[in-house]
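This structure is a prediction, so every number in the text was calculated from the model and none was measured.
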Amino acid sequence: MSMSKIAAGRKVPAFTATTTDGSTFKLADAKGAALVLYFYPRDLTPGCSIEAQNFRDLQAAFRKAGAIVVGVSRDSCTSHQKFITREQINFTLLADDDSKLVRVWRKVKVDGHAAQVLEEARGL
């Protein structure tokens with residue numbers, strides 16, 4: 001799926017991607033929930049690790065808001081598994097060679113970003 005086909009506030013086309021355990025995640029799996037797809041450049045890097053920790057630490061609040069958080073990068077499932085183990089990530093990571101989105105944050109300040117996304121998810 002091309003990012004140029006997706007815009008904030010518009011319906012996301014159906015997609016599938018591979019999860020860390022090798023299963024397939026489908027957009028339909030999140031039906032009825034606000035799906036927060038957060039894209040990050042690379043597993044096991046300082047900034048991406050801090051952001052993953054922030055999303056991890058806010059999982060209960062995201063669930064209470066009716067949101068499902070899914071992290072997406074182009075890294076392999078093997079790399080994702082190492083990242084999950086090291087950072088004790090408690091949400092799904094997808095290995096993706098395409099791009100998908102509802103809202104884009106560019107030039108993210110890592111500190112406070114997960115909380116900012118939570119506020120957006122509450123409004124979906």
Student: Could you state the interatomic distance from CD1 (Ile84) to CG (Asn90), rounded to the nearest 0.5 Å?
Tutor: 10.0 Å
Student: So, do Val110 and Tyr40 sit near enough that their side-chain heavy atoms are less than 4.5 Å apart?
Tutor: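 No, side chains not in contact.
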Student: Which pairs count as side chain to side chain donor-acceptor pair (under 3.5 Å) when at least one residue sits in residues 52-67, sequence neighbours excluded?
Tutor: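 Residue pairs passing side chain to side chain donor-acceptor pair (under 3.5 Å), neighbours aside: Gln53-Glu87.
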Student: Not counting sequence neighbours, which residues clear side-chain contact (heavy atoms from CB on, under 4.5 Å) with Thr24? List them please.
Tutor: Thr16, Lys26
Student: Calculate, to the nearest 0.5 Å, the distance between atoms NE2 and CG belonging to His80 and Leu94 respectively.
Tutor: 7.0 Å
Student: For Ala61 versus Leu118, what's the shortest heavy-atom pair and its separation?
Tutor: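 Here Ala61 and Leu118 meet closest at CB-CD2, 3.7 Å.
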Student: May I ask you to test the Phe91-Val36 pair for a side-chain heavy-atom distance under 4.5 Å?
Tutor: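 A side-chain contact is absent here, since even the closest heavy-atom pair is not under 4.5 Å.
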Student: Rounded to the nearest 0.5 Å, what separation is found between the OG1 atom of Thr45 and the CZ atom of Phe83?
Tutor: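 So the gap between those two atoms works out to 6.5 Å.
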Student: Kindly write out the residues that satisfy side-chain hydrogen bond (donor to acceptor under 3.5 Å, both in side chains) with Asp21, not counting sequence neighbours, or none if the list is empty.
Tutor: Thr19, Ser23
Student: Using 0.5 Å steps for rounding, measure from the NZ atom of Lys31 to the CD1 atom of Ile68.
Tutor: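 Those atoms lie 13.0 Å apart.
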Student: Check step by step if side-chain contact (heavy atoms from CB on, under 4.5 Å) holds for Phe15 and Leu37.
Tutor: CA-CA 12 Å; Phe15 71 88; Leu37 288 174; 3.9 Å; yes
Student: Residues two or more places apart in sequence or in another chain: which of them pass side-chain hydrogen bond (donor to acceptor under 3.5 Å, both in side chains) with Ser79?
Tutor: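 For Ser79 the side-chain hydrogen bond (donor to acceptor under 3.5 Å, both in side chains) partners, ignoring immediate neighbours, are Asp43.
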Student: Over all heavy atoms of both residues, which pair between Leu35 and Val70 is shortest? Give the atoms and the distance, please.
Tutor: CD1-CG2, 3.7 Å
Student: Give a yes or no on this: more than 12 heavy atoms of other residues, nucleotides or ligands lie within 6.0 Å of atom CZ of Arg42.
Tutor: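 Counting other residues, nucleotides and ligands, CZ of Arg42 stays at 12 neighbours or fewer.
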Student: So which atom in Ala95 and which in Cys77 form the shortest heavy-atom distance, rounded to 0.1 Å?
Tutor: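 Taking every non-hydrogen atom into account, CB-SG, 4.0 Å.
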Student: Residues two or more places apart in sequence or in another chain: which of them pass ring-ring contact (aromatic ring centres under 6.0 Å, His included) with Phe55?
Tutor: Tyr38, Phe62
Student: Linking I/L/V/M/F/W/Y whenever any side-chain heavy atoms sit under 4.5 Å apart, do Leu44 and Ile50 land together?
Tutor: no
